[in-house]
Participant: 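Okay, here's the structure, questions in a sec.
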Amino acid sequence: MPEKSLTSFDAEAAVLSDAPRSDAREATPPRPAPPRRAILMCAPDHFGIDYIINPWMENQIGQAALPRAKAQWENLRGKLAAHSEIAFVAPTPGLPDMVFTANAGLAIGDTAVVSRFNAKERRPEERLFCEWFEAQGYSIAPWPENVPFEGAGDALLDHARGIVWCGYGWRSGEEAPKHLERIFGRRAVALRLIDPRFYHLDTCFCPLSGGWLMYYPDAFDIASREAIRAIAPVEKRIEVGEKDALSFACNAVEVAGRVFLNACSEDLRSRLLDAGFTPVVTPLSEFMKAGGAAKCLTLQLPGAASKVIPRG
């Protein structure tokens, strides 16, 4: 697919101010503040595009500007730190994608599943993430060697429904949902991804608090779209168009009713406000060159705020 189709949006031009606007919808009563949760991040000291493992990386080898990437990452970290405890895993030379901690694994409560990377370039990260989880006191659940699974890139906890949405088709195996059900004792809903641009579930699907879902329908096969609509009522679904999807608007992190995302059209901003959320744009153009944005750069650790050691 031509590079232009992936990167023609202007992420920097999409910046929205965090300051309140004179908009009647802003007067919506704030949601009750949820408990502060921990988020795992990895500084982009060694970030770069050194290989191609997804369509976004095409023609981008060596093109990421590290100083700008560091500034964008620090901006996101600072905004999240105002509402969450931030913990860090140490960056490692030669592992440029380790910054995308969403792929470290999936942790719920005291149990963690460490990712089994599909791409050989990322497999050295597995040991380092496993060591981090173990150092924090997590119980590491066994995972089959022959079933690829890329953590919270493809497995998203829906707090409102108590289920795990699990994407497969590009990076995680079709058998991954059943293993997650066995480990965590929660229903895992399998969703098949069919567009290579949206190679992880978190690039096109975002469960929000209160049972809301923000997602790009065309990233899924028909059966998966039907499964989503059967579980989430129409009044709780925020379906985004291709332009927002290609800006990775769904690759978002929600904390305390604020939705942190790379870019946001006025239409999507309006719908998020109507749903009671506050969109906060944090441009991440350098990471988009590698196929990641706000969600990819974070791993939320539900139920573990008292477990991890906050560092920021």
Side-chain angles (χ1 to χ4, degrees), residues 6-7 9-18 36-51 53-54 56-57 60-105 115 121-122 124-125 128-129 132 150-153 200 202-203 206 246-256 258-264 279-301 308-312:
L6 296 178
T7 59
F9 64 91
D10 185 351
E12 299 298 340
V15 177
L16 299 177
S17 171
D18 295 345
R36 288 170 68 91
R37 295 194 177 100
I39 292 177
L40 177 65
M41 300 184 73
C42 178
D45 295 2
H46 307 293
F47 171 67
I49 303 169
D50 300 342
Y51 43 72
I53 58 173
N54 67 56
W56 298 85
M57 290 175 158
Q60 296 295 335
I61 290 181
Q63 296 302 304
L66 186 56
R68 191 179 195 192
K70 288 182 175 180
Q72 292 177 342
W73 182 89
E74 183 59 33
N75 180 47
L76 175 65
R77 184 212 63 79
K79 290 182 182 297
L80 292 173
H83 310 285
S84 300
E85 305 295 347
I86 310 294
F88 300 99
V89 60
T92 301
L95 298 178
D97 281 344
M98 195 170 174
V99 68
F100 298 122
T101 53
N103 308 133
S115 288
E121 291 86 350
R122 298 199 64 182
E125 298 176 35
L128 300 173
F129 286 134
W132 186 88
E150 300 209 348
H200 276 149
D202 69 359
T203 64
C206 181
L246 289 175
S247 299
F248 271 21
C250 295
N251 195 246
V253 182
E254 186 214 338
V255 181
R258 295 166 179 82
V259 179
F260 299 87
L261 68 177
N262 170 72
C264 185
V280 182
V281 171
T282 59
L284 296 161
S285 59
E286 298 312 297
F287 299 101
M288 287 288 294
K289 295 173 183 178
K295 170 60 174 60
C296 290
L297 292 166
T298 59
L299 176 65
Q300 292 186 306
L301 303 167
V308 301
I309 303 171
R311 295 281 304 280

Participant: Is the shortest side-chain heavy-atom distance between Gln300 and Val255 below 4.5 Å?
Facilitator: yes

Participant: To check you understand the geometry: which heavy-atom pair defines the closest contact between Gly291 and Phe248, and what is its length?
Facilitator: O-CE2, 3.3 Å

Participant: Take the angle between the ring planes of Phe47 and Phe287 and call it parallel below 30°, perpendicular above 60°, tilted in between.
Facilitator: tilted

Participant: Are Ser285 and Arg68 packed together at the side-chain level, in the sense that at least one heavy-atom pair is separated by less than 4.5 angstrom?
Facilitator: yes

Participant: Pair Asp45, Lys70 - check side-chain contact (heavy atoms from CB on, under 4.5 Å), show working.
Facilitator: CA-CA 7 Å; Asp45 295 2; Lys70 288 182 175 180; 4.3 Å; yes

Participant: Treating Lys289 as the side-chain partner and Gln63 as the backbone partner, does any N or O pair qualify as donor plus acceptor under 3.5 Å?
Facilitator: yes

Participant: Does Arg122 reach the main-chain N or O of Asp97 with its side chain, forming a donor-acceptor pair under 3.5 Å?
Facilitator: yes

Participant: Is there side-chain contact between Met288 and Asn262, with at least one heavy-atom pair below 4.5 Å?
Facilitator: yes

Participant: Check whether any side-chain heavy atom of Met41 lies under 4.5 Å from a side-chain heavy atom of Trp73, and answer yes or no.
Facilitator: yes

Participant: Treating Gln60 as the side-chain partner and Ile49 as the backbone partner, does any N or O pair qualify as donor plus acceptor under 3.5 Å?
Facilitator: no

Participant: Which heavy-atom pair separates Pro44 from Leu66 by the least distance, and what is that distance?
Facilitator: O-CD1, 3.1 Å

Participant: Under the side-chain contact (heavy atoms from CB on, under 4.5 Å) rule, what do Leu261 and Asn251 come out as? Steps first, then yes or no, please.
Facilitator: CA-CA 7 Å; Leu261 68 177; Asn251 195 246; over 6 Å; no

Participant: Is Thr101 reaching over with its side chain to a backbone N or O of Leu40, donor-acceptor style, under 3.5 angstrom?
Facilitator: yes

Participant: Is Thr282 reaching over with its side chain to a backbone N or O of Phe260, donor-acceptor style, under 3.5 angstrom?
Facilitator: no

Participant: Output the distance between atom OG1 (Thr92) and atom CG (Leu128), rounded to the nearest 0.5 Å.
Facilitator: 4.5 Å

Participant: Compare all side-chain heavy atoms of Met98 with those of Pro91 and state whether any distance is below 4.5 angstrom.
Facilitator: no

Participant: Does any part of the side chain of Asn103, heavy atoms only, come nearer than 4.5 Å to the side chain of His200, both counted from C-beta?
Facilitator: yes

Participant: If you look at every heavy atom in Val281 and Cys264, which pair is closest and at what distance?
Facilitator: CG2-CB, 3.9 Å

Participant: For residues Gly292 and Phe100, report the shortest heavy-atom separation together with the two atoms involved.
Facilitator: CA-CE2, 3.9 Å

Participant: Quick one: does Leu246's side chain get under 4.5 Å of Trp56's, heavy atoms only?
Facilitator: yes

Participant: So, for Cys206 and Cys250, which heavy atoms are closest and what is the spacing to 0.1 Å?
Facilitator: CB-O, 3.3 Å

Participant: Sub-3.5 Å donor-acceptor pair from the side chain of Glu286 to the main-chain atoms of Ala64, do we have one?
Facilitator: no

Participant: Less than 4.5 Å apart, any side-chain heavy atom of Met57 and any of Ile61?
Facilitator: no

Participant: Can you name the nearest heavy-atom pair linking Ala290 to Asn54, along with the distance?
Facilitator: O-ND2, 3.0 Å

Participant: Drop me the distance from Ile39's CD1 to Leu299's CG, to the nearest 0.5 angstrom.
Facilitator: 9.0 Å

Participant: Partners of Ala102 by side chain to side chain contact (heavy atoms under 4.5 Å, CB included), sequence neighbours excluded?
Facilitator: Asp202, Lys295

Participant: To the nearest 0.5 angstrom, please state how far the CG atom of Asn75 sits from the CG atom of Leu284.
Facilitator: 8.0 Å

